[in-house]
Protein chains: 2
Amino acid sequence: MAEALDRLDLKILDRLQIDASESSSEIAERVGLSQSPCWRRIQRLKEEGYIKAQVAVLDREKFGESMYIFAQLKMGRLSDEARESFIRAIEDIPEITEAYTLFGEMDVMLKVLAPSMAWYQNFTFRRLLRLPGVEDIRSTATLSEMKCTHRLPLPSAP
Amino acid sequence: MAEALDRLDLKILDRLQIDASESSSEIAERVGLSQSPCWRRIQRLKEEGYIKAQVAVLDREKFGESMYIFAQLKMGRLSDEARESFIRAIEDIPEITEAYTLFGEMDVMLKVLAPSMAWYQNFTFRRLLRLPGVEDIRSTATLSEMKCTHRLPLPSAP
DNA sequence: TATGAAAAGATAATCCC
DNA sequence: GGGATTATCTTTTCATA
């Protein structure tokens, strides 16, 4: 159902993940195409699911002090139900921005946006430790952000 | 220079970080405003820096197998120059999608998008360990993604 | 089948109230 | 902030190679 992407598709995708507010004619010019084929390619890339969404990136520093904290969770054995309820809980907590299952010792890695240390301490006890299956938590607090992007490395890019 | 945001601004921002492809009239309707004041607010939010960018979110699974790996780096003492050169190197490596300085033992946390384990092994030896100041690396590989968003929790949202 | 040109429709941007 | 107007861009259609 999804054919391979050519160099132009990759260039278009990379432009869009840098700046999706550009018009299709601007992008067309950048990648060396005229407006309408460029527009059609973008439509196709959306239909085929290469482009999942188009979102505004906000400046979190404008919304007060906050810090990312990585929390590694040690999980007990979970039934399928409990596991699903765990995942639903993760999705429902907006301060948890990312969650991954892990190889190795700790089972789950969370990235949490914490307004403060006090908030986070409360959060670990009142929320995280009460999630189904969570047995232990090891947290790593970040001090400052050097780089943060969602841009995927594509073959076309630098 | 930047005044406080009211409830409508927050609602607009949250809509935009969910879906920035909606027209200003659609957003206006959602937040209970007419098109032109809503558009003016969006412009102001961009000018004042609340909105940093508008980007396309790509589906990384469509681009072949890949995995996120968290790498914690132990750093030696760095001169200001070396530190800047380190940061520049981080920025220039597209597979490093996030980088944070840390409290505690390990100094730096990287999130790396690795095409494969073999690639990552090579990457740690040929790139990471050669960056200025890097003395040791502890890596945590992820198995699967449960949640991944850039949506900031705003007071208006659920 | 892919492209380019051009028309129709929708949206963004600017007016005045 | 709202309503109406204009400019711009998106989307469709059609002709071409």
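Computed from a predicted model, the values in this text were never measured in an experiment. Order of the sequence lines fixes the chain letters, A, B, ..., with proteins taken first and strands second; residue numbering starts at 1 for each chain. What you see below is based on every heavy atom in this structure, not just the backbone, and it leaves out hydrogens, waters and symmetry mates.
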Are A:Ser144 and B:Thr101 close enough, and set up right, to give a side chain to side chain donor-acceptor pair (under 3.5 Å), and what steps lead you there?
CA-CA 5 Å; A:Ser144 69; B:Thr101 61; 2.8 Å; yes
note: B:Glu29, atom CD; D:dG3, atom P; distance rounded to Å ~ 13 Å
Donor-acceptor pair, side chain of B:Lys147 and main chain of A:Glu91, under 3.5 angstrom
yes
Provide, to the nearest angstrom, the distance between the CG atom belonging to A:Asp9 and the C1' atom belonging to C:dT3.
15 Å
Could you give the NZ-to-P distance, from B:Lys11 to D:dG1, as a whole number of Å?
13 Å
Quick test of your reading of the model: are B:Lys111 and A:Glu98 salt-bridged, counting only N-O distances below 4.0 Å?
yes
If you group Ile, Leu, Val, Met, Phe, Trp and Tyr by side-chain heavy-atom gaps below 4.5 Å, do B:Ile93 and A:Ile18 land in one group?
no
Please confirm whether the backbone N or O of A:Glu48 pairs with a side-chain atom of B:Lys62, one donor and one acceptor, at under 3.5 Å?
yes
Any donor-acceptor pair under 3.5 Å linking the side chain of B:Thr142 with the backbone of B:Tyr68?
yes
For nucleotides 6-17 of chain C, just jot down a letter per nucleotide in 5' to 3' order: B, S or -, based on protein non-hydrogen atoms under 4.0 Å.
-----SBBBB--
5'-to-3' dot-bracket of DNA chain C (Watson-Crick, G-U; under 3.5 angstrom; crossing pairs as [ ]; | other strand)
|||||||.|||||||||
note: B:Leu8, atom CG; D:dG1, atom P; distance rounded to Å ~ 7 Å
Anything under 30° is parallel, anything over 60° is perpendicular, the rest tilted; go ahead and classify A:Trp119 against A:Phe123.
parallel
Whole-Å distance separating the CG atom of B:Leu33 from the P atom of D:dG3
11 Å
Under a 3.5 Å distance rule, please check whether B:Asp59 uses its side chain to pair with a backbone N or O of A:Tyr50 as donor and acceptor.
no
